[in-house]
Amino acid sequence: MQHKQPKRLNIGSGQRPFGPGWTNVDINPRWNPDVLADAASMPMFEDATADLIVAHHVIEHVGLGEFDGAVRECHRVLRPGGSLIITTPDLDALVRGWIEQRLTDYLFCVQLYGAYMDNEADRHKWLYTKQTLAKAVGNAAQWEKLLPFDWGRIDGADIARDWYILGLEAVK
């Protein structure tokens, strides 16, 4: 099935699919995505056809450097001026919060290691700081701008927000 005009993609949609106007993409059929695909290989989407791509709590589920292909593929699918938004647990905030006892051991470990739900894909394999996330995304593709995500409302997108969640916006 060819998707010629994906305006907004939610890659790694998992158990948090976005609403109308979004195309939910996931590698795991368990989540019933609109498109079953690895974010690193989405040939069903043409070049420069997406306005916005969100990778909401996805990057932490792959090892260091393993997300590079997905970042490059998102860059290919985005139109010039389009944005890739990545959210992930913030390693700096988590560690500070745990040391300051703002997080229970349970919540700290769930954010650090992931909430296992009978599938290895549920586990977290790597976490980032603001600096290391920007460096990783910037090294994977050529972006016009790398900015902290402003946490503004995005219609139809259910994006978790908390003090220990990091957000980055990469503009093509």
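- Qualifying ring pair (Phe, Tyr, Trp, His ring centres under 6.0 Å) partners for H56, counting only residues two or more places apart in sequence or in other chains: none.
- Put simply, the side chain of H124 never gets that close to the backbone of E60: no donor and acceptor are under 3.5 Å apart.
- When hydrophobic residues (I, L, V, M, F, W, Y) are linked wherever their side-chain heavy atoms come within less than 4.5 Å, Y116 remains an isolated member.
- For the atom pair Y128 OH and F67 CZ, the distance stands at 8.5 Å (nearest 0.5 Å).
- V54 is not listed as a side-chain neighbour of I86, based on a closest heavy-atom distance of 4.5 Å or more.
- Residues F149 and I154 are in side-chain contact: their nearest non-hydrogen atoms beyond the backbone lie under 4.5 Å apart.
- Remark: D118 engages no residue in a side chain to side chain donor-acceptor pair (under 3.5 Å) (not counting sequence neighbours).
- A 4.5 Å side-chain heavy-atom check between V35 and T23 finds at least one atom pair inside the cut-off.
- The number of heavy atoms from other shown groups lying within 6.0 Å of CH2 (W98) does not exceed 12.
- Residue N32 holds its CG atom at 12.5 Å from CD of Q15, rounded to the nearest 0.5 Å.
- In this structure the side chain of L94 reaches within 4.5 angstrom of the side chain of L127, judged on heavy atoms.
- Counting heavy atoms of neighbouring residues, nucleotides and ligands inside a 6.0 Å radius, atom CD of E100 exceeds 12 of them.
- Note that the CH2 atom of W22 and the CZ atom of R8 stand 5.0 Å from one another [nearest 0.5 Å].
- To the nearest 0.5 Å, the span separating CG on D38 from CG on N28 amounts to 11.5 Å.
- Residues passing the salt bridge (charged side-chain N to carboxylate O under 4.0 Å, His left out) test with D122, sequence neighbours excluded: R30.
- Both L9 and V58 are assigned to one and the same hydrophobic cluster, defined by single-linkage of ILVMFWY side chains at heavy-atom distances under 4.5 Å.
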Might you work through the side-chain contact (heavy atoms from CB on, under 4.5 Å) test for L133 and T88, ending with a clear yes or no?
CA-CA 9 Å; L133 180 60; T88 187; 4.2 Å; yes

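- Side-chain N or O atoms of R76 include one that pairs as donor or acceptor with a backbone N or O of F45 at under 3.5 Å.
- For residues 146-159, the pairs satisfying salt bridge (charged side-chain N to carboxylate O under 4.0 Å, His left out) are R16-D158, R153-D155, with sequence neighbours left out.
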I'd like to know whether L146 forms a side-chain contact (heavy atoms from CB on, under 4.5 Å) with V137, so could you lay out the CA-CA distance, the side-chain angles of the two residues, the decisive distance to 0.1 Å, and finally the verdict.
CA-CA 8 Å; L146 293 172; V137 173; 3.9 Å; yes

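- Distance check, rounded to the nearest 0.5 Å: OG1 of T87 to NE2 of H57 gives 4.0 Å.
- Linking ILVMFWY side-chain heavy atoms closer than 4.5 Å, directly or via other members, places W151 and I85 in a single hydrophobic cluster.
- Listed by first and then second residue, the salt bridge (charged side-chain N to carboxylate O under 4.0 Å, His left out) pairs involving residues 79-88 are D51-R79 (not counting sequence neighbours).
- Between the side chain of T49 and the main chain of E46, a donor-acceptor pair closer than 3.5 Å is present.
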When the side chains of residues 160-172 are checked against the rest of the protein, which donor-acceptor pairs come out under 3.5 Å, sequence neighbours left out?
residue: E169; atom: OE2; partner: S83; partner atom: OG; Å: 2.5
residue: K172; atom: NZ; partner: H75; partner atom: O; Å: 2.8
residue: K172; atom: NZ; partner: L78; partner atom: O; Å: 2.8

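- Here V110 sits in one hydrophobic cluster together with Y106; the rule is ILVMFWY side chains under 4.5 Å apart, joined directly or through other members.
- Every side chain to side chain donor-acceptor pair (under 3.5 Å) that T132 has, sequence neighbours left out, goes to T129.
- Among residues at least two apart or in separate chains, there is no side-chain hydrogen bond (donor to acceptor under 3.5 Å, both in side chains) pair with a member in residues 135-144.
- Between L52 and K7 the shortest side-chain heavy-atom distance does not fall below 4.5 Å.
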Just do the side-chain contact (heavy atoms from CB on, under 4.5 Å) check on I11 and C74 with the steps written out, would you?
CA-CA 9 Å; I11 63 166; C74 288; 3.5 Å; yes

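- When the side chain to side chain donor-acceptor pair (under 3.5 Å) test is applied to N10, the partners found at least two apart in sequence or on another chain are N24.
- With E73 contributing its side chain and M42 its backbone, the two residues share a donor-acceptor pair below 3.5 Å.
- R96 pairs by the salt bridge (charged side-chain N to carboxylate O under 4.0 Å, His left out) definition with nothing, not counting sequence neighbours.
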Stepwise, does the side-chain contact (heavy atoms from CB on, under 4.5 Å) test hold for K130 with D92?
CA-CA 8 Å; K130 289 176 188 172; D92 278 339; 6.0 Å; no

